[in-house]
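Throughout, a chain's letter reflects where its sequence line sits, starting with A, and its residues are numbered from 1.
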There are 2 protein chains.
Amino acid sequence: MTDEDLTARARIRDAAIRLFADRGMDGTTVRDIAQAAGVSPGLLRHHFGSKEGLREACDQHVLDLSMKIKAEIIIDGKMASPGFMPSVHPTVMLMYRYVTRALLDGSPAAAAMFDDMVLIAEQWIDKFAPDITQDRRGFAAVLVGMQSGLLAMHDHVSRNLGADMFATEGYTRLVEAMVDFYSSTLLDPTLAADAHRAMQALRDNHRGNQKEQ
Amino acid sequence: MTDEDLTARARIRDAAIRLFADRGMDGTTVRDIAQAAGVSPGLLRHHFGSKEGLREACDQHVLDLSMKIKAEIIIDGKMASPGFMPSVHPTVMLMYRYVTRALLDGSPAAAAMFDDMVLIAEQWIDKFAPDITQDRRGFAAVLVGMQSGLLAMHDHVSRNLGADMFATEGYTRLVEAMVDFYSSTLLDPTLAADAHRAMQALRDNHRGNQKEQ
DNA sequence: CAGCCGACTATACGAGCGTATAGTCGGCTG
DNA sequence: CAGCCGACTATACGCTCGTATAGTCGGCTG
């Protein structure tokens, strides 16, 4: 199926997803999107009402597509079937980029996805590592924030990697570095205790200052 | 020293740093900055030439201030002296926010700082954990990308924390969660090996597809 | 075939942006 | 005191943006 086979509405939406993912909502004009989709700017308004309406349609479409692929992997068990993961890889990369930008742009739908991921992380902690922290919610928020934040630093990470982290070569290298990272401890107990003490001191000082005023 | 004691040039620069940190470069107008500094918009142009010139001045000022505080901590050894860390804490938080936004906005100065941090991380790995990874550069890029990316996810992390992560309460909680995170292993060797195999498969498939074409 | 309706385009409007320019004012210098 | 110069303001220009409106076209329906 080529681009020309799609309805104009779908072409506009797909072009918007790509441009929003690349430049963000504010960095993309309706004229840019119209040109990329090969239609007139007025047609965006006809189909989506406004730029904000188009954004909501893009959010919804990305959400639907994510759920569909996730279902294929989990329910149909296609992860094992050869060729499936590589075939959806480009789409998954695009959705990563889109959701990450949407998080930075302040999209409500993306924020809801973030909150969902935090809940899932909390459940994971409960199940597999209940003693890892005293602040389960904080740990989960840090975990999800770091994961999605790493994607937000796309340009800088890719530059230091010497490869685009959303293309195959850079992506596999990135994941392997992350696996090393998650498999290791960077702080020994002594340093960890030092850090905890420093934070306690900062809190105490802050409370002291509040009293003075 | 109150705001009125500063020269107009310094007030403009400080107002710009705050607004750029909050809303980014594109989200801030020269009129906003002028109003926050209590001057006319034309004065920005008089002192800084253009909005881009103002950005460069802000970048430079933040860089200078960072180096100054870092020097006080390392050379003068003020970290131990009571009250010093809490006293610079608000400034440090502001600079964190500014640099993070600058990274997302594509500031060359911020990109250079990112690259510096990657180099420092590589040196740290060499010194303290030389066997932690086979891809030292990749590991360092992930480490720095996650650190700065976490700050970029400010709104979402704060929302899930129930506290502003750039204020004392949220910040100390965040750091303690990060310490737990850095002190622990989330993946056991079996899962890590699985992940490495999956990435190898993705690479092989990709090379295969390239040959076909 | 007449009428209609959705898809689509052409064009224009109003607001907000960065920037340019002309001018005012106060203090310093010779 | 005359002249100048930097700090600063008022105002406007030109552009781009999202949005609004009027109109064209083709196919479907009664």
*Measure from the side-chain heavy atoms of S40(B) and tell me the nearest of dC8(C), dC8(D), dT9(D).*
dT9(D)
*Does dC1(D) pair with anything, Watson-Crick or G-U wobble, both distances under 3.5 Å, and if so, with which nucleotide?*
dG30(C)
*Any side-chain N or O of H47(B) less than 4.0 Å from the OP1 or OP2 oxygen of dG6(D)?*
no
_Any H206(B) side-chain heavy atom under 4.5 Å of L202(B) side chain_ = no
*If we only count heavy atoms from C-beta on, is the M25(A) to E52(A) side-chain gap below 4.5 Å?*
yes
_Could you tell me how far apart D26(A) (CG) and dC17(D) (P) are, to the nearest whole angstrom?_
12 Å
*Would you tell me if any nitrogen or oxygen in the side chain of H46(A) comes within less than 4.0 Å of OP1 or OP2 on dC8(C)?*
no
*asked:* Tell me the interatomic distance from Q35(B), atom CD, to dT9(D), atom C1', rounded to whole angstroms.
replied: 15 Å
_Ionic contact status for R203(B) with E176(A), cut-off 4.0 Å_ = yes
*dC17(D), dC8(C), dT19(C): which one has an atom nearest the side-chain heavy atoms of L43(A)?*
dC8(C)
*If you look at every strand shown and take non-hydrogen atoms under 4.0 Å, does R31(B) touch a base, only sugar-phosphate, or nothing?*
base
*Rounded to whole angstrom units, what separation is found between the CZ atom of R55(B) and the C1' atom of dG18(C)?*
15 Å
*Beyond-backbone contact of L174(B) with L150(B), side-chain heavy atoms, under 4.5 angstrom*: yes
*asked:* Nearest whole Å is fine: how far is dC17(D) C1' from L44(A) CG?
replied: 13 Å
*Does dT21(D) have a Watson-Crick or wobble mate here (both distances under 3.5 Å), and if so which one?*
dA10(C)
*pair I132(B)-F181(A): side-chain heavy atoms closer than 4.5 Å*: no
*Figure out the CG/P separation between D32(B) and dG16(C), and round it to whole Å.*
12 Å
_Value in whole Å for how far the P atom of dG18(C) lies from CD1 of I33(B)_ = 8 Å
_Candidates dT19(C), dG18(D), dT9(D) - which lies nearest the side chain of K51(B)_ = dT19(C)
_Rounded distance in Å - CE (M25(A)) to C1' (dC17(D))_ = 12 Å
